[in-house]
Colleague: 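Pasting a structure below so you can have a look.
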Amino acid sequence: TVGAVARDRAGNLAAATSTGGMTAKLPGRVGDTPLPGAGTFAENATCAVSGTGHGEVFIRYTAGSEIAARMRFLGQSLDEAAQHVVMKDLHDHDGSGGVIAIAHDGSISMPFNCEGMYRGSVREGEAPQVAIYRD
Amino acid sequence: MSTYSLAIHGGAGTILRTQMTPEKEAAYKAGLARAVAAGEDVLRQDGTAMDAVTAAVCALEDEPLFNAGRGAVFTTEGAQEMDACVMDGRDRSAGAVAGIFGPRNPVRVARAVMERTPHVLLIGPMALQIARDAGLPFEERDYFFTQARWDALQETMEMRRKGQESDDPARRHG
């Protein structure tokens with residue numbers, strides 16, 4: 001699975017995700033990627049999210065929209081909301097994987113509950129970064 | 001005027017350090033860097049967030065190291081079925097496709113669904129027709145094939161035949 005989230009100079013957010021699914025999946029199996037609110041979500045007032053991981057669990061816990069709901073209704077920061085969904089909601093229910101997310105203020109959060117996640121980010125005026133493991 | 005931000009991912013899972021060589025790590029990081037650059041180029045020129053995420057994901061779909069587009073994994077029947085989605089934070093408009101094969105960049109088909117139809121998610125022949133109507137490029141089967149993904153399918157099927165398939169979370173990951 002691959003994905004991207006962005007905030008442009010007008011302050012608008014967007015998310016995109018694309019996948020081949022999982023190796024040796026049953027023909028016709030669809031995971032969280034093409035389901036808005038599960039593997040892909042964007043709303044200017046809160047955040048944009050793209051997920052990667054155990055798709056069935058991302059669907060059951062509507063991972064993307066849950067992060068936005070925590071920001072909207074609990075007043076959590078993007079990182080607090082994303083950490084809770086990935087490290088508790090998903091992790092505690094056999095949902096390994098992670099998300100990349102950008103908030104309306106341009107902050108970035110990229111939590112994952114497995115050994116690594118191929119990821120990269122950049123903010124205007126800063127150098128781009130790429131990483132695979134936690135360090 | 002805001003400042004721009006962009007983040008990308010190329011998947012997650014049990015990416016064991018013991019299986020990662022310096023050469024492979026460098027190749028993955030180069031692929032990630034190209035995707036970041038593709039998205040940032042759009043944002044730097046005052047492009048939209050939607051155009052930036054589309055460009056970044058296209059770069060990742062074109063990179064055979066990642067599981068999307070070229071380099072997608074195989075089903076139990078040895079086929080490739082791809083899913084993609086875009087969502088615009090301005091108005092929650094969204095487009096998605098599932099189970100498609102042929103378009104070079106499934107994310108562009110998802111965007112065509114959003115921009116050219118009143119629907120959110122399309123599957124089957126009409127999803128491909130939307131791609132043709134939008135003039136999006138298609139590729140033959142050989143373009144999407146990678147030996148590593150084919151070998152992974154054979155290994156997984158052999159483990160299933162022997163009742164040895166592990167609970168490795170990476171096997172459930174997209």
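Please read all numbers here as calculations on a predicted model, not as lab measurements.
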Colleague: Following the transitive rule for hydrophobic clusters with a side-chain heavy-atom cut-off under 4.5 Å over Ile, Leu, Val, Met, Phe, Trp and Tyr, establish whether B/I130 and B/F138 coincide in one cluster.
Modeller: yes
Colleague: Let me know if B/R17 has heavy atoms under 4.5 Å from chain A in its side chain, its backbone, both or neither.
Modeller: both
Colleague: Hey, could you give me the CZ/CD distance between A/R123 and B/E40, rounded to the nearest 0.5 Å?
Modeller: 12.5 Å
Colleague: So do the side chains of B/H9 and A/T1 get within less than 4.5 Å of each other, counting heavy atoms only?
Modeller: yes
Colleague: Is A/V86 linked to A/I100 within one hydrophobic cluster, defined over Ile, Leu, Val, Met, Phe, Trp and Tyr using a side-chain heavy-atom separation of less than 4.5 Å?
Modeller: no
Colleague: First locate atom CZ of A/R9, then atom CG of B/D46, and finally report the distance between them rounded to the nearest 0.5 Å.
Modeller: 4.5 Å
Colleague: Check whether A/F112 gets within reach of chain B through its side chain, its backbone, both or neither, counting any heavy atom under 4.5 Å.
Modeller: neither
Colleague: I'd like to know whether CE of B/M126 has more than 12 heavy-atom contacts from other residues, nucleotides or ligands below 6.0 angstrom.
Modeller: no
Colleague: Examine whether an atom of B/V120 lies under 4.5 Å from a heavy atom of chain A, and if so say whether it belongs to the side chain, the backbone or both; otherwise answer neither.
Modeller: side chain
Colleague: Using heavy-atom distances under 4.5 Å, tell me whether B/F74 contacts chain A through its side chain, its backbone, both, or neither.
Modeller: backbone
Colleague: With the side chain counted from C-beta on, respond yes when B/I8 and A/V130 share a heavy-atom pair under 4.5 Å apart, and no when they do not.
Modeller: no
Colleague: Report the option among A/G125, A/A6, A/A24, A/S50 that has the most heavy-atom pairs separated by less than 4.5 Å from atoms of chain B.
Modeller: A/A24
Colleague: Among B/G10, B/A96, B/A72, which residue has the highest count of heavy-atom pairs closer than 4.5 Å to chain A?
Modeller: B/G10
Colleague: Determine whether more than 12 heavy atoms belonging to other residues, nucleotides or ligands lie under 6.0 Å from atom NE2 of A/H84.
Modeller: yes
Colleague: Tell me, do B/L6 and A/S121 make a side-chain contact under 4.5 Å, heavy atoms counted?
Modeller: no
Colleague: Around atom CD of A/Q129, are there more than 12 heavy atoms from other residues, nucleotides or ligands closer than 6.0 Å?
Modeller: no
Colleague: To the nearest 0.5 Å, how far apart are NE2 in A/H104 and OG in B/S2?
Modeller: 11.0 Å
Colleague: Counting only non-hydrogen atoms closer than 4.5 Å, does B/A79 touch chain A with its backbone (N, CA, C, O), its side chain (CB onward), both, or neither?
Modeller: neither
Colleague: Pick one of side chain, backbone, both or neither for B/A94, based on which atoms fall under 4.5 Å of a heavy atom in chain A.
Modeller: side chain
Colleague: Under a 4.5 Å heavy-atom cut-off, does chain A meet the side chain of B/L153, its backbone, both or neither?
Modeller: both
Colleague: Only pairs of heavy atoms separated by less than 4.5 Å count here; which of B/M157, B/R149, B/M20 has the most with chain A?
Modeller: B/M20
Colleague: Taking the side chain as every heavy atom from C-beta outward, state whether B/K29 and A/I132 have any pair of such atoms under 4.5 Å apart.
Modeller: yes
Colleague: Out of A/A16, A/G3, A/A101, A/A4, which one racks up the most heavy-atom pairs below 4.5 Å with chain B?
Modeller: A/G3
Colleague: For a quick test of reading the model, state the closest non-hydrogen atom pair linking A/P34 to B/V97 and the distance between them.
Modeller: CB-O, 3.5 Å
Colleague: Less than 4.5 Å to any heavy atom of chain B: does that hold for the side chain of A/A131, its backbone, both, or neither?
Modeller: backbone
Colleague: Between the side chain of A/D8 and the main-chain N/O of B/T48, is any donor-acceptor distance below 3.5 Å?
Modeller: no
Colleague: Does any backbone or side-chain atom of B/M1 lie under 4.5 Å from a heavy atom of chain A? Answer side chain, backbone, both or neither.
Modeller: both
Colleague: Nearest 0.5 Å please: distance from the OG1 atom of B/T3 over to the CG atom of A/D105.
Modeller: 9.0 Å
Colleague: For the residue pair A/T52 and B/A12, what are the closest heavy atoms and their distance?
Modeller: OG1-N, 3.3 Å
Colleague: Counting only heavy atoms not in B/E140 (residues, nucleotides, ligands), do more than 12 fall under 6.0 Å from its CD?
Modeller: no
Colleague: Classify the angle between the aromatic ring planes of A/Y118 and B/Y28 as parallel (below 30°), tilted (30 to 60°) or perpendicular (above 60°).
Modeller: parallel
Colleague: Around atom CG of B/L136, are there more than 12 heavy atoms from other residues, nucleotides or ligands closer than 6.0 Å?
Modeller: yes
Colleague: Which pair of heavy atoms, one from B/C85 and one from A/P36, lies closest together, and at what distance?
Modeller: SG-CG, 3.9 Å
Colleague: Work out which heavy atom in B/M87 is nearest to a heavy atom in A/F41; give both atom names and the distance.
Modeller: SD-CA, 3.7 Å
Colleague: Could you state whether B/V107 and B/V73 fall into the same hydrophobic cluster, counting links through intermediate Ile, Leu, Val, Met, Phe, Trp or Tyr residues with side-chain heavy atoms under 4.5 angstrom apart?
Modeller: no
Colleague: On a heavy-atom basis, which atom in B/A7 and which in A/I108 lie closest, and how many Å separate them?
Modeller: CB-CG2, 4.1 Å
Colleague: Between B/M82 and A/S18, is any pair of side-chain heavy atoms under 4.5 Å apart?
Modeller: no
Colleague: Against chain A, label B/E81 side chain, backbone, both or neither, depending on which of its atoms sit under 4.5 Å from a heavy atom there.
Modeller: both
Colleague: Identify which of A/I102, A/L35, A/V99 forms the greatest number of heavy-atom pairs closer than 4.5 Å to chain B.
Modeller: A/I102
Colleague: Under 4.5 Å, counting heavy-atom pairs only, tell me which of A/G51, A/G64, A/S107 racks up the most with chain B.
Modeller: A/G51
Colleague: Is it the case that more than 12 heavy atoms not belonging to B/R141 sit under 6.0 Å from its CZ atom?
Modeller: no
Colleague: Spell out, yes or no, whether A/Y133 and B/L65 are grouped together once hydrophobic residues are joined by side-chain heavy atoms under 4.5 Å, including indirect joins.
Modeller: yes
Colleague: Enter the distance from A/N12:CG to B/R90:CZ here, rounded to the nearest 0.5 Å.
Modeller: 5.5 Å
Colleague: How many angstroms lie between atom CZ of B/R44 and atom CD of A/E124, to the nearest 0.5 angstrom?
Modeller: 9.0 Å
Colleague: Measure the shortest side-chain to side-chain distance between A/T19 and B/N67 over non-hydrogen atoms and say whether it is less than 4.5 angstrom.
Modeller: yes
Colleague: Identify whether A/V30 and B/L122 are in the same connected component of the hydrophobic contact network (ILVMFWY, side-chain heavy atoms under 4.5 Å).
Modeller: no
